[in-house]
> 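Sharing a structure with you now.
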Amino acid sequence: MPELPEVETVVRTLEHQLDRVMITGCEVFWNNIIGYPDAATFCRDIVGKTIQGYYRHGKYMRFDLGDMEWICHMRMEGKFYVQQPQEPYDKHVHVILQLSDGRQLRYHDTRKFGKMYLYEKRADVSSYPCFKNIGYDAFDERITAEWMYHTLHKKKTALKAVLLDQRYIAGIGNIYADEICFAMHMHPETMINHLRKKDFEELIYHIRRILNGAIRAGGTTIRSYTSQLGVDGRFQLKLKVHAKKGEACPVCGTTIKKIVVATRGTCFCPTCQRRR
DNA sequence: CTTACCTCCTGCCCGC
DNA sequence: TGCGGGCAGGAGGTAA
């Protein structure tokens, strides 16, 4: 499931692979992938545009097309492939963009959960309808301990639920939420209103440290990128607790437990991570 | 306003 | 072997 670091890797990889390429054709095989407008309009309007910039907001990718903006969310299983037209593709390829250099940009998504949007360009990125419930990107400097304390100190919500809630901080998903809770030595169900301003400073520090570490690990993917593999931004990153149920905590050796928090499978160390 | 639950999808794992 | 059931999961939507 691509989270912020994986999306960043995909965006940078595509920028490296495609740069300023023109889109000369578009086919959509599964209409629900297109969140706005309808698939036919999407195809008609994207053809003839040149990609002029590659950006990311939370887990969303943004492509500057000059007078329009193409926005994609890969949800859990989305991948992009840059391939030659004659290369075969399977039933999970739902969108194919023909490029001016003869190659194709193919969107592959096993569960069809991903979404693409095409909007008239706006100066204020946060005003796009698909970002209606999406807050500041995790690296946005407007996320400060003061802002977090002000926004959250009265809420009776679990720490992990806050980390996953894209309205507050955009980009963190289930994997890094577990890792961030571990770094905080906090039980994922710690109530956010129990955190002090100093805790929020620490939280922001760990969020950015962990996401940055993952982005750096993703750089390896860019260098070793080959079109056959597809670009999904995944890489080998040593996780401390996520998906480690039954294994020993790397710090104290206690068996990692798994519970459900905010409807998500959640792994944590019962010794290192205390409730507050 | 907040929370709980449903929806979208498919692959995979389980039990029979 | 093969089938059905259950589950996971980001984010939008709706009901309570």
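Labels below follow one simple rule: chain letters A, B, ... track the order of the sequence lines, proteins then strands, and each chain is numbered from 1.
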> Hey, does the side chain of A/Q98 reach the backbone of A/R103 with a donor-acceptor pair shorter than 3.5 angstrom?
yes
> When you get a sec, tell me which of C/dG9, C/dA11, C/dG13 is the closest nucleotide to the side chain of A/K132?
C/dG13
> Mind calculating the distance between CD1 (A/I192) and C1' (B/dT2) to the nearest angstrom?
16 Å
> Measure from NE2 on A/H73 to C1' on C/dA11 and round the result to the nearest Å.
7 Å
> What is the distance, to the nearest angstrom, from the NZ atom on A/K115 to the P atom on B/dC9?
7 Å
> In terms of side-chain heavy atoms of A/K59, which of C/dA11, B/dC9, B/dT3 is nearest?
C/dA11
> Calculate the interatomic distance between A/Y107 atom OH and B/dC9 atom P; express it in whole Å.
13 Å
> Would you tell me if any nitrogen or oxygen in the side chain of A/H92 comes within less than 4.0 Å of OP1 or OP2 on B/dC9?
no
> Please confirm whether the shortest side-chain N or O distance from A/K155 to OP1 or OP2 of B/dT2 is below 4.0 Å.
yes
> Touch check for A/G173, heavy atoms < 4.0 angstrom, all strands: base, sugar-phosphate only, or nothing?
nothing
> Indicate, with yes or no, if the rings of A/H73 and A/Y60 have centres closer together than 6.0 Å.
yes
> Is there a donor N/O on one and an acceptor N/O on the other, under 3.5 Å, for the side chain of A/R264 and the base of C/dA8?
no
> Using heavy atoms to find the nearest nucleotide of DNA chain B for A/T263 and A/R167 separately, return the residue whose nucleotide is more 5′.
A/R167
> Identify, between A/F131 and A/R111, the residue whose nearest nucleotide on DNA chain C lies closer to the 5' end.
A/R111
> Does A/T110 put a side-chain nitrogen or oxygen below 4.0 Å from OP1 or OP2 of B/dC9?
no
> Consider only side-chain N and O atoms of A/Y128 and A/E69, and report whether a donor and an acceptor are under 3.5 Å apart.
yes
> State whether A/N32 places a side-chain N or O below 4.0 Å from either non-bridging phosphate oxygen (OP1 or OP2) of B/dC8.
no
> Tell me the interatomic distance from A/M191, atom CE, to B/dT2, atom C1', rounded to whole angstroms.
14 Å
> Quick one: which of B/dT10, C/dG12, C/dA11 gets closest to the side chain of A/K112?
B/dT10
> Let me know the distance between CZ of A/R75 and C1' of B/dC9, rounded to the nearest Å.
12 Å
> Let's see if you can work this out: which of C/dA11, B/dG11, B/dC9 has an atom nearest to the side-chain heavy atoms of A/K91?
B/dG11
> Using 4.0 Å as the upper bound for N to carboxylate O, is an ion pair formed by A/E8 and A/R12?
yes
> Any idea how A/F182 and A/H185 line up, ring-wise: parallel (<30°), tilted (30 to 60°), or perpendicular (>60°)?
tilted
> Quick check on B/dC9: is either OP1 or OP2 less than 4.0 Å from any side-chain nitrogen or oxygen of A/W30?
yes
> Looking across every strand, which nucleic acid part, if any, lies under 4.0 Å from A/K156 by heavy atom: base, sugar-phosphate, or nothing?
sugar-phosphate
> Mind calculating the distance between CD1 (A/I33) and C1' (C/dA11) to the nearest angstrom?
14 Å
